[in-house]
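Per chain, numbering begins at 1; letters A, B, ... match sequence-line order.
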Protein chains: 2
Amino acid sequence: MNIIISNSSSEPIYEQIKKEIKQAIYSNELKEEEILPSVRVMANDLKISFLTVKKAYDELEAEGFIKTVQGKGSYVLPKNLELLREEKLKEIEKNISTIVKLSKIYGITEEEVVNLIRIMFEEDL
Amino acid sequence: MNIIISNSSSEPIYEQIKKEIKQAIYSNELKEEEILPSVRVMANDLKISFLTVKKAYDELEAEGFIKTVQGKGSYVLPKNLELLREEKLKEIEKNISTIVKLSKIYGITEEEVVNLIRIMFEEDL
DNA sequence: CGAACTGTTATATTTAATATATAACAGTAT
DNA sequence: ATACTGTTATATATTAAATATAACAGTTCG
């Protein structure tokens, strides 16, 4: 479990932690049943408050990705890859919706957008 | 000048105002040299503080879209459509970058994304 | 059992961004 | 002059995020 957070990011720390854990679950870096670092250990590693880590874990549990048991810790639930993929697909759709709205207002064509997509997809393989 | 703001939006009111004015400038609803509502008038209309409107106007001026003169008011600068378009293009690129990153991690293909784009472009013409 | 881990909860504080209220001041137009 | 403009300063309120600290509770293991 290798979490990297940015203190200066506008994105809240607990959100950054959530994202990285989801990604680790998806990429199988974190396997089913695997125990996550305890809130205090991770807080210590990241030099942040354990309450911030707890917030991330609480939300990950509410979203069905991990399970926390008092006294024991938090572990990765039988992962629902489809769930994760769907969640991200929704995020992508939201971004696309923003793009389409902006494009229509500011006279950017469908082809221009598609070209950008294609170019950026090829980059940094 | 017809500004609509949402009190419940997570987007700051001054940002909403900025966006709507930029859009109005782009669509020529607000023409070159046209006087914007005074900060107090708009604040009154929207039932918000004039300081919030001032913040929006100040930033619009810093970004080169309007000009404010003490005692007179704020008016639309000779508009630089290209500037606006470029600004929005950057916003779009940022969104695309997010999309591409997510897609690569979560196994969503270029074609899937392009299809979504095409579908959403056709919708709500 | 007891020590050393886990997580939980409550309280209080800090910081930054947003938004507000109010009052006083300054420029412009008529 | 008056009535608009914008400007500035001060103070306050709200919210989200993050923190610090202390006390409490469950689990594990020697």
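Of the charged side-chain nitrogens involved, at least one lies within less than 4.0 Å of a carboxylate oxygen, so that B:Lys88 and B:Glu91 count as a salt-bridged pair. Ion pairing between a basic and an acidic side chain is recognised when a charged N comes within 4.0 Å of a carboxylate O; A:Arg118 and A:Glu123 show no such pairing.
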Below 3.5 Å between N/O atoms, which protein atoms pair up with nucleotides 27-30 of chain D? Just atom names and distances, please.
unit_1: D:dT27; atom_1: O4'; unit_2: A:Gly71; atom_2: O; d: 3.4

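The hydrophobic cluster containing A:Ile105 also contains B:Val76, counting ILVMFWY residues as joined when their side-chain heavy atoms lie under 4.5 angstrom apart, directly or transitively. Under a hydrophobic clustering in which Ile, Leu, Val, Met, Phe, Trp and Tyr are joined whenever their side-chain heavy atoms come within less than 4.5 Å, directly or via other members, B:Leu84 and B:Leu30 fall into the same cluster.
Between B:Arg40 and A:Ser38, the residue whose closest nucleotide on DNA chain C is further toward the 5' end is A:Ser38.
Sorted by residue number, the members of residues 54-68 of chain A with any non-hydrogen atom under 4.0 Å from DNA chain D read A:Lys55. Of the residues in residues 41-49 of chain A, A:Ile48, A:Ser49 come within less than 4.0 Å of DNA chain D through at least one heavy atom, sorted by number.
Closest non-hydrogen pair, B:Tyr57 versus B:Ser74, comes out as CD2-OG, 3.4 Å. Nearest approach of B:Val113 to B:Ser103, heavy atoms of both residues: CG2-OG, 3.5 Å. Across all non-hydrogen atoms, the minimal contact from A:Glu112 to A:Ile108 is OE1-CA, 3.6 Å. Nearest heavy atom pair, residue B:Arg85 against residue A:Gly107, reads NH2-O, 3.0 Å.
One can place CG of B:Leu51 at 14 Å from P of C:dA23, the figure rounded to the nearest angstrom. In this structure, the CZ atom of A:Phe50 is 9 Å from the C1' atom of D:dA20, given to the nearest Å. If you take CD of A:Glu11 and P of D:dA17, they are 11 Å apart, rounded to a whole angstrom.
Regarding contacts with the backbone of C:dT18, every side-chain N or O of B:Thr52 stays at 4.0 angstrom or more from both OP1 and OP2. Distances shorter than 4.0 Å separate none of the side-chain N or O atoms of A:Tyr14 from OP1 or OP2 on D:dA18.
Partners of A:Ser38 by side-chain contact (heavy atoms from CB on, under 4.5 Å), not counting sequence neighbours, listed by chain and number: A:Arg40, A:Val41.
Between A:Phe65 and A:Ile21 there is no side-chain heavy-atom pair separated by less than 4.5 Å. The shortest side-chain heavy-atom distance between B:Val114 and A:Phe121 does not fall under the 4.5 Å cut-off.
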Could you pull out all donor-acceptor pairs under 3.5 Å where a side-chain atom in residues 44-55 of chain A meets a protein atom, sequence neighbours excluded?
unit_1: A:Ser49; atom_1: OG; unit_2: A:Leu51; atom_2: N; d: 3.0
unit_1: A:Lys54; atom_1: NZ; unit_2: A:Asp58; atom_2: OD1; d: 3.2
unit_1: A:Lys54; atom_1: NZ; unit_2: A:Asp58; atom_2: OD2; d: 2.9

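With axes fitted over five pairs at each extremity, the angle between the ends of the helix from C:dC1-D:dG30 to C:dT30-D:dA1 is 0° (10° resolution).
Checking B:Ser9, B:Ser8, B:Ser10 one by one against B:Ser6, the side-chain hydrogen bond (donor to acceptor under 3.5 Å, both in side chains) holds for a single residue, B:Ser8.
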